[in-house]
Amino acid sequence: MKRVIGVIALLLPISVAAQQPDYSYVEGGLNIVDPPGRYGSSDTGVLVRGSYALDPNVFVRGGFSSHRFSTRRGGSRVTQDRDLLSAGVGFRFPTEQQALDLYGAADLLYDFGDADDAGFRLEGGGRAVLTPGLDSAAGLRYARLDSHDNVQIFVNSFYEVAPQLSLGGEIAVGDYDEITLGARYSF
């Protein structure tokens with residue numbers, strides 16, 4: 001078993017392609033969310049987010065998501081709108097592997113649905129171009145919104161199907177479980 005792990009560890013740097021991850025893109029798609037019990041049932045909504053590289057190591061980012069959660073209160077069904085805007089800044093930390101970056105980002109959040117509340121999100125992780133055209137990321141998110149702490153572990157991958165256009169998605173688990181399926185346009 002130790003030999004297998006050793007071989008995998010030696011081959012991992014070879015499997016990462018020579019292309020750097022791109023931090024200038026817009027992506028969007030269907031966002032399926034299973035929220036904490038206080039929000040009620042799952043919902044399929046929309047998620048649009050983007051990032052723009054200001055220089056090789058600094059990028060700005062923003063996003064919008066919209067969901068309608070339904071729950072029973074006092075014998076009747078109540079719907080809660082959760083429309084969330086985000087805006088923030090991130091920093092890229094290149095590694096010795098050209099196609100592998102570590103990054104961190106901080107966002108301001110504003111829920112202008114029924115809650116009308118502000119908060120923040122911190123995110124950190126790694127991004128890699130594993131093979132030409134396959135951009136993947138994994139990391140951890142912490143958000144404070146509506147007087148609640150939310151933590152997620154996420155992984156996403158987008159595969160280039162045409163120049164500048166990729167298809168893929170993201171899975172995030174934690175306080176909110178999410179699956180996003182969509183497309184990314186790089187510029």
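Side chains included, hydrogens not; waters and symmetry mates left out as well; all remaining heavy atoms used. Computed from a predicted structure; not experimentally measured.
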Margin query: Which heavy atom of Phe59 sits nearest to which heavy atom of Gly104, and what is that distance?
Written below: CZ-O, 4.4 Å
Next item on the list: Check the hydrophobic clustering (I, L, V, M, F, W, Y; side-chain heavy atoms under 4.5 Å; chains of links allowed) and say if Tyr25 and Val60 are grouped together.
Entry: no
Next item on the list: Determine the minimum heavy-atom distance between Arg141 and Ala172, stating which atoms define it.
Entry: NH1-CB, 4.1 Å
Item checked: Hydrophobic cluster identity match, Val26 and Val89, side-chain contacts under 4.5 Å -> yes
Check: Hey, quick one: are Leu54 and Leu102 part of the same hydrophobic cluster, counting side-chain heavy atoms closer than 4.5 Å, chains of contacts allowed?
Finding: yes
Item checked: Hydrophobic cluster membership, Leu181 vs Val48, 4.5 Å side-chain cutoff -> no
Next item on the list: Quick one: closest heavy-atom pair of Leu100 and Ala128, and the distance?
Entry: CD1-CB, 3.8 Å
Notebook entry, point to check: Do any N or O atoms from the side chain of Glu160 and from the backbone of Pro132 form a donor-acceptor pair under 3.5 angstrom?
Noted result: no
Note to self: For Glu27 versus Arg49, what's the shortest heavy-atom pair and its separation?
What the structure shows: OE2-NE, 2.6 Å
Next item on the list: Apply side chain to side chain contact (heavy atoms under 4.5 Å, CB included) to Phe64 and list each qualifying residue two or more places apart in sequence or on a separate chain.
Entry: Val46, Ser66, Asp83, Leu85, Phe112
Note to self: Any heavy-atom pair between the side chains of Phe91 and Val58 that's under 4.5 Å?
What the structure shows: yes
Next item on the list: Heavy atoms only: give me the nearest Ser24-Ala53 pair and the separation to one decimal.
Entry: OG-N, 3.0 Å
Checklist line | Short N-O contact, Asp43 and Arg82, less than 4.0 angstrom | finding: no
Note to self: I need the Asn31 CG to Thr180 OG1 distance, nearest 0.5 Å.
What the structure shows: 3.5 Å
Next item on the list: Report yes or no: do Tyr110 and Asp116 form a side-chain donor-acceptor pair below 3.5 Å?
Entry: yes
Check: If you group Ile, Leu, Val, Met, Phe, Trp and Tyr by side-chain heavy-atom gaps below 4.5 Å, do Phe187 and Phe158 land in one group?
Finding: no
Note to self: Nearest 0.5 Å, please: how far is CG in Asp175 from CG in Asn150?
What the structure shows: 5.0 Å
Next item on the list: Could you grab the distance from atom CZ of Phe69 to atom CG of Asp34, nearest 0.5 Å is fine?
Entry: 9.0 Å
Check: Do Leu47 and Glu170 have side chains that get closer than 4.5 Å, going by heavy atoms?
Finding: no
Item checked: Side-chain donor or acceptor of Asp107 paired with backbone N/O of Arg121 under 3.5 Å -> no
Note to self: So does Ser186 get a backbone contact from the side chain of Gln164, meaning a donor-acceptor N/O pair under 3.5 Å?
What the structure shows: yes
Checklist line | Pairs meeting criterion salt bridge (Lys or Arg N to Asp or Glu O under 4.0 Å) with involvement of residues 86-96, two or more places apart | finding: Arg92-Asp101
Next item on the list: Decide, yes or no, whether a salt bridge links Glu123 with Arg61 under the criterion of side-chain N to carboxylate O below 4.0 Å.
Entry: yes
Next item on the list: Return the set of residues passing side chain to side chain contact (heavy atoms under 4.5 Å, CB included) with Leu140 (not counting sequence neighbours), or none when no residue passes.
Entry: Val151, Ile153
Next item on the list: Using a cut-off of 6.0 Å, state whether more than 12 heavy atoms not belonging to Tyr159 lie near its atom OH.
Entry: no
Margin query: A side-chain contact here means heavy atoms from C-beta on lying under 4.5 Å apart; do Val155 and Ser136 qualify?
Written below: no
Notebook entry, point to check: What closest approach, in Å, do Gly119 and Leu145 show between heavy atoms, and which atom pair accounts for it?
Noted result: N-CD1, 3.6 Å
